[in-house]
Amino acid sequence: MKPLLEVAHELQHVLEVKHRRFAFIGGLALQRWGEPRVTQDVDATVFTGFSGEDEFINDMLNAYQPRVENAGEFARNARVLLLKSASGIGIDIALGGLSFEEEMIGRSTEYDFLPGIRLRTCSAEDLIIMKAFAARDRDWADIRTVLVRQVKIDFGYIMENLTPLVELKEQPEILDRLNQLIDETKP
């Protein structure tokens, strides 16, 4: 886990030097808020908006190796830049453009993972929203661990922000599944 945290710490430094607004999400945020599990890459969201992607993509491709051919084009289409560190650890950077992503980054806070490694991660609520939206089996298991570990969760915030995302995706069953998990895990 330490090599992964070191790669995240280096990425954080690069993003801060470039004055980019960001937060770590995915497995690193889960290490903070839920039950830690093995994760093999670093996931982050960087707010680029819908017109600032090119400069950011070029900057990052100058700093890191791409993991796919035509990584810049792929990032513009899929809104995720797939990179790898010098040590070979994968780095997935979501190009944030939605108001939810901007607010998620604004709500992020720093956390000491190890002495000397302090990383900016999304909140527990925002992690739940992103994982519920993805709605993979692994994500539901991760949400359960966050709900079990965290005593104080703002469910109003979660529903207020997840509902429009679920409507866009046209999958209202996501809200039903999340409510079921909340009922199962809270006294």
Side-chain angles (χ1 to χ4, degrees), residues 1-34 36-111 113-114 116-123 126-139 141-143 165 168-169:
M1 184 54 143
K2 187 175 180 185
L4 192 78
L5 292 172
E6 290 169 342
V7 167
H9 195 247
E10 174 191 304
L11 175 61
Q12 179 169 278
H13 176 72
V14 168
L15 294 172
E16 288 173 343
V17 165
K18 295 183 180 302
H19 305 286
R20 292 293 182 167
R21 295 178 306 153
F22 70 94
F24 289 105
I25 59 174
L28 284 176
L30 187 65
Q31 298 292 320
R32 178 179 182 181
W33 300 113
R37 65 168 167 77
V38 175
T39 184
Q40 297 181 356
D41 60 4
V42 172
D43 298 307
T45 296
V46 173
F47 193 79
T48 61
F50 290 106
S51 61
E53 300 95 333
D54 288 340
E55 179 184 352
F56 174 73
I57 290 168
N58 291 335
D59 283 349
M60 297 310 291
L61 287 172
N62 286 328
Y64 292 95
Q65 299 261 338
R67 282 202 339 256
V68 296
E69 280 191 46
N70 301 314
E73 183 180 332
F74 179 85
R76 285 179 202 87
N77 293 328
R79 298 206 53 84
V80 63
L81 182 58
L82 301 175
L83 305 170
K84 64 181 172 181
S85 70
S87 63
I89 291 175
I91 301 170
D92 297 355
I93 302 177
L95 307 179
L98 301 174
S99 58
F100 164 74
E101 292 164 315
E102 186 172 29
E103 186 174 337
M104 177 271 297
I105 290 167
R107 286 172 46 95
S108 66
T109 56
E110 293 185 341
Y111 178 75
F113 282 85
L114 290 174
I117 299 183
R118 185 176 184 95
L119 301 174
R120 174 167 293 283
T121 68
C122 66
S123 70
D126 290 320
L127 181 62
I128 289 170
I129 292 167
M130 289 182 283
K131 287 196 164 284
F133 184 75
R136 299 168 297 192
D137 288 341
R138 175 183 69 195
D139 295 312
D142 291 341
I143 290 169
L165 296 173
L168 273 173
K169 195 173 183 181

Requested in this report: Begin with the C-alpha distance, continue with both residues' side-chain angles, and end with the deciding distance and a verdict on side chain to side chain contact (heavy atoms under 4.5 Å, CB included) for Glu10 and Ile91.
Outcome: CA-CA 11 Å; Glu10 174 191 304; Ile91 301 170; over 6 Å; no
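A side chain to side chain contact (heavy atoms under 4.5 Å, CB included) with Leu114 holds for exactly one of His9, Lys2, Glu6; it is Lys2. Each of Thr45, Val46, Val14 was checked for a side chain to side chain contact (heavy atoms under 4.5 Å, CB included) with Phe22, and the lone residue meeting it is Val46. With Ile93 as the partner, the side chain to side chain contact (heavy atoms under 4.5 Å, CB included) test is satisfied by one option alone out of Asp43, Leu11, Val80: Leu11.
Among residue pairs with one or both ends in residues 51-66, those qualifying as salt bridge (Lys or Arg N to Asp or Glu O under 4.0 Å) are Glu53-Arg79, Asp54-Arg76; sequence neighbours excluded. The side-chain hydrogen bond (donor to acceptor under 3.5 Å, both in side chains) analysis of residues 88-104, with sequence neighbours excluded, yields the pairs Arg21-Glu102, Arg67-Asp92.
Across all their heavy atoms, Ala132 and Ile143 have their closest contact at N-CD1, 3.4 Å.
With sequence neighbours excluded, no residue satisfies salt bridge (Lys or Arg N to Asp or Glu O under 4.0 Å) with Asp41.
The CZ atom of Phe113 sits 9.5 Å away from atom CG of Leu4, with the distance rounded to the nearest 0.5 Å. Distance CG/Leu127 to CZ/Arg32: 10.5 Å, rounded to 0.5 Å. Atom OG1 in Thr48 sits 7.5 Å away from atom CD1 in Ile57 (nearest 0.5 Å). Atom CZ of Arg20 and atom CD1 of Ile105 lie 11.0 Å apart (nearest 0.5 Å). Considering OG1 of Thr121 and OH of Tyr111, their distance stands at 9.0 Å, rounded to 0.5 Å.
Counting heavy atoms from C-beta on, the side chains of Phe47 and Met104 never come closer than 4.5 Å. Residues Ile129 and Leu165 form a side-chain contact, since some pair of their non-hydrogen atoms from C-beta on lies under 4.5 Å apart. Side chains of Leu5 and Val42 form no contact here, defined as non-hydrogen atoms less than 4.5 Å apart. Taking the side chain as every heavy atom from C-beta outward, Pro66 and Leu61 approach each other to under 4.5 Å. By the 4.5 Å heavy-atom criterion applied to side chains, Leu82 and Tyr64 are not counted as neighbours. Side-chain contact between Phe56 and Lys18: absent, with no pair of heavy atoms (C-beta onward) separated by less than 4.5 Å. In this structure the side chain of Glu16 never reaches within 4.5 angstrom of the side chain of Arg120, judged on heavy atoms.
Cation-pi geometry between Lys169 and Phe133 is satisfied (NZ or CZ under 6.0 Å from the ring centre, within 45° of the ring normal).
Counting non-hydrogen atoms of other residues, nucleotides and ligands closer than 6.0 Å to CG of Asp137 gives a total of 12 or fewer. At most 12 heavy atoms of other shown residues, nucleotides or ligands fall within 6.0 angstrom of atom CD in Gln40.
A donor-acceptor pair under 3.5 Å is absent between the side-chain atoms of Trp33 and the main chain of Ile128, judged by distance alone.
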